[in-house]
Amino acid sequence: MTTVRFDDKIVRMFLFATLFWGLVGMSVGVLLALQLADWRFNFEIPWLTFGRLRPVHTNAVIFAFAGNAIFCGVYYSSQRLLKARLFSDLVSRIHFWGWQLIIVLAACSFVMGITTGKEYAELEWPLDLMVAVIWLLFAFNFFATLARRREKHIYVALWFYIGTIITITVLHVVNSLAIPVSLTKSYPIYAGVQDALVQWWYGHNAVGFFLTTPFLGLMYYFVPKAAERPIYSYRLSIMHFWALVFLYIWAGPHHLHYTALPDWAQSLGMVFSVMLLAPSWGGMINGLLTLRGAWDRLRVDPVLKFFAAAITFYGMSTFEGPLMAIKSVNALSHYTDWTVGHVHNGALGWVALLIFGMVYWLVPRMWNTKLHSIALANAHFWLAMVGILFYIVSMWAAGITQGLMWKEFTADGLLAYPSFLETVTKMHPYYLGRALGGVIFLAGLIMLIINLALTIRAGRFSEGEIQVPEPKPIEHKPSHWHAVLERKPFLMAILALVVITIGGIVEMMPTFLIKGNIPTIASVKPWSPLELEGRDIYVREGCYACHSQMVRPFRDELARYGEYSRPGEFIYDRPFQWGSKRTGPDLHRVGGRYSNLWHLRHLEDPRLTSPGSVMPSYAFLTSGVLDLGHITRKIQVMKDLGAPYSEEQVRHAGRDAKWQARGIADDLRRNGVDVAPDREIIALIAYLQRLGTDIKKGGPL
Amino acid sequence: MEVLFFLIPLSVALAAGFTIACLGSIRDGQFDDMESPRWRVLFDRNEKRPESTAVKPAATGLEMRMKPQRSEPL
């Protein structure tokens with residue numbers, strides 16, 4: 001017999017990080033919710049404006065809160081399931097500190113406006129590289145531990161972890177491919193529709209493989225442990241896993257219904273999304289029935305309460321998701337706050353509650369004591385429930401109201417609410433309700449932290465140990481390398497995957513990139529240097545967090561915005577800025593609709609032109625001087641990526657930009673406002689005025 | 001749109017990877033026994049760490065509780 005001591009110190013580190021980033025991420029979320037209720041909650045500090053802060057919230061909650069919780073739970077459960085200490089303490093530590101460093105750098109870069117402008121993948125290229133390295137270290141640590149296991153059978157939770165690790169690696173790499181312009185700016189190698197497709201293929205699967213599969217793995221470990229009952233049906237859990245990984249990757253197009261994506265791809269996405277309901281609900285039922293026989297304990301054990309609620313919310317959001325993926329429902333729900341409600345249904349209801357249950361279970365065990373206060377934990381549970389209720393009901397009401405108001409016509413066939421502003425001010429009470437829900441949920445988290453801190457103070461931390469019969473891990477008699485591989489299915493899977501993927505990339509990449517950039521609309525031309533700078537400011541400020549740039553072919557959208565968007569109009573857009581939510585109106589056809597002066601006044605103080613608007617004031621763009629330092633390089637990169645600029649245009653990019661800026665400044669002066677031509681706001685106005693105007697210049701569509 | 005010609009093969013490759021993993025592990029006998037793994041997770045009785053939970057103070061006896069209390073449909 002030998003003793004194996006588990007590395008629980010690393011589990012503890014990730015546990016603390018989970019709670020810390022949970023607090024940060026949710027606090028920022030509350031601040032953002034308040035900003036939509038009253039814009040002044042950005043305190044007129046550029047760093048705190050909605051567009052810059054939203055990625056801080058989403059990334060902190062997904063990659064910092066949920067991410068650290070995944071690492072915490074995976075490292076705890078894997079060591080026990082594999083009966084082996086983690087492969088390398090050093091790798092674990094690098095993994096931990098590397099991940100925290102990325103989070104801090106990410107938060108700093110987002111508030112400074114350093115972003116790729118792709119939702120949930122906003123990290124700029126140096127941080128993307130760091131993520132790849134740290135993630136691969138995690139993968140290495142995990143698989144090396146798996147290889148040293150003393151248990152032949154791979155428990156179902158581990159399969160979920162394997163699926164997560166492999167898929168996230170592929171998603172991250174494919175979606176992050178970009179050409180750097182400087183240390184803090186890059187352009188994606190995909191443009192327009194292509195970029196949108198890759199982004200939502202990533203975005204959907206990130207939800208699937210970062211917020212679903214790892215947490216299902218944790219569910220299949222921690223729920224039986226906490227309930228002290230075995231999984232209801234092990235067979236069902238295995239089927240749950242395989243069905244989920246096979247179905248998930250095809251459902252991404254449901255984020256792009258009624259856009260420029262081909263119809264068959266949209267239908268494919270819809271069908272697979274609906275099919276996903278089956279394994280998801282199988283898993284939910286399996287999880288809930290695991291608690292069968294422990295129902296009486298549900299009343300007294302907060303851990304089981306959190307788990308039961310989390311699994312129920314998993315069922316709810318995996319029902320809501322397929323529903324929203326049905327095209328006719330999506331026509332109403334897309335771009336509304338319903339989507340936001342759906343996300344939080346999953347994030348607060350499923351992910352956060354499961355994490356809470358897990359840490360309530362882990363801490364007393366790791367610190368060899370009892371939970372400080374069960375009453376406090378129960379109170380937390382009910383606060384969380386009320387918070388989620390406020391949040392989701394507000395967002396459902398807001399979303400459906402928005403959707404209906406946007407689409408409403410009068411008997412005369414005119415838009416019933418022609419001014420978008422009306423639909424914005426109508427949201428006010430719902431946004432207050434949402435903020436209240438967020439505050440309540442956050443209060444619950446604070447109670448959890450206090451409760452656990454007191455628990456930890458009363459207990460003494462120790463690492464788990466087990467006695468194992470033989471000193472060495474189980475033997476695989478290696479003979480022929482192929483035979484070895486066959487006995488290590490996961491290794492084989494990875495190898496096959498890597499080979500196929502590399503082959504695929506090498507072969508496909510140049511073809512699709514070049515083909516996709518052939519102009520299909522003759523009058524669509526690349527951005528001028530000044531417009532490109534303006535566009536980069538649009539990306540920097542995160543305007544896409546509130547504005548879409550995709551007019552769908554619906555009667556109401558045609559009446560409200562104009563011509564629907566054609567795929568060929570986006571071929572120079574890197575990154576695409578279609579957005580996913582319309583807190584403000586769509587901007588794809590805003591070019592030429594207003595005067596330069598209107599834009600200036602509106603951007604400096606949206607309340608001047610639109611009383612009651614929740615858009616932040618961008619007066620700081622009038623004082624900000626446009627940095628033209630990289631303009632030549634930017635145009636050159638665009639040219640390299642296929643935009644038809646001449647050598648001349650590349651060389652004189654700076655001069656051209658200044659010339660165009662002077663024109664706009666002159667126009668403003670004629671209208672009585674003096675703005676120096678070298679200001680950022682001039683570039684932004686140039687971009688807005690160009691948006692969606694090219695097809696009006698004639699030529700076949 | 002052409003990027004579909006890349007994303008679809010990539011997704012197929014992923015699915016193929018998972019298929020290989022699935023078939024491999026079936027052949028490996030991973031899924032032959034659908035009964036004992038679900039119980040085995042619960043038995044880490046030899047993990048040394050005074051067991052004490054929020055609900056049941058310091059009782060070990062996990063093995064005892066493992067006896068089915070009601071008839072167990074499997």
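Letters A, B, ... mirror the listed sequences (proteins, then strands); counts begin at 1.
Scanning for side chain to side chain contact (heavy atoms under 4.5 Å, CB included) contacts around A:Asp263 gives A:Gln266, A:Lys327, with sequence neighbours left out. Every residue two or more places apart in sequence or in another chain that forms a ring pair (Phe, Tyr, Trp, His ring centres under 6.0 Å) with A:His153 is listed here: A:Tyr234.
With a threshold of 4.5 angstrom between heavy atoms, A:Tyr221 approaches chain B through side-chain atoms but not through N, CA, C or O. Heavy atoms closer than 4.5 Å to chain A are found in both the backbone and the side chain of B:Thr19. For chain B, no part of A:Tyr248 is nearby; none of its heavy atoms comes within less than 4.5 Å.
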Original post:
After noting the C-alpha distance and the side-chain angles of A:Trp242 and B:Ser25, does the key distance pass the side-chain contact (heavy atoms from CB on, under 4.5 Å) rule?
Top reply: CA-CA 12 Å; A:Trp242 291 109; B:Ser25 45; 4.2 Å; yes
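In the displayed structure, B:Arg40 atom CZ is contacted under 6.0 Å by more than 12 heavy atoms of other residues, nucleotides or ligands.
Between B:Phe31 and A:Trp159, the ring planes lie tilted relative to each other; the angle falls in the 30° to 60° range.
Of the listed residues A:Asp195, A:Val198, A:Leu81, the one with more heavy-atom pairs under 4.5 angstrom with chain B than any other is A:Val198.
Side-chain contact check for B:Leu42 versus A:Pro224: some heavy-atom pair is nearer than 4.5 Å.
Rounded to the nearest 0.5 Å, atoms OG (A:Ser233) and CD (B:Glu35) are 9.0 Å apart. Taken to the nearest 0.5 Å, the CZ atom of B:Phe18 stands 7.0 Å off from the CD1 atom of A:Ile249.
Between the side chain of B:Gln30 and the main chain of A:Tyr155, no donor-acceptor pair closer than 3.5 Å is present. Judged by distance alone, the side chain of B:Arg38 and the main-chain N or O of A:Ile231 form a donor-acceptor pair under 3.5 Å.
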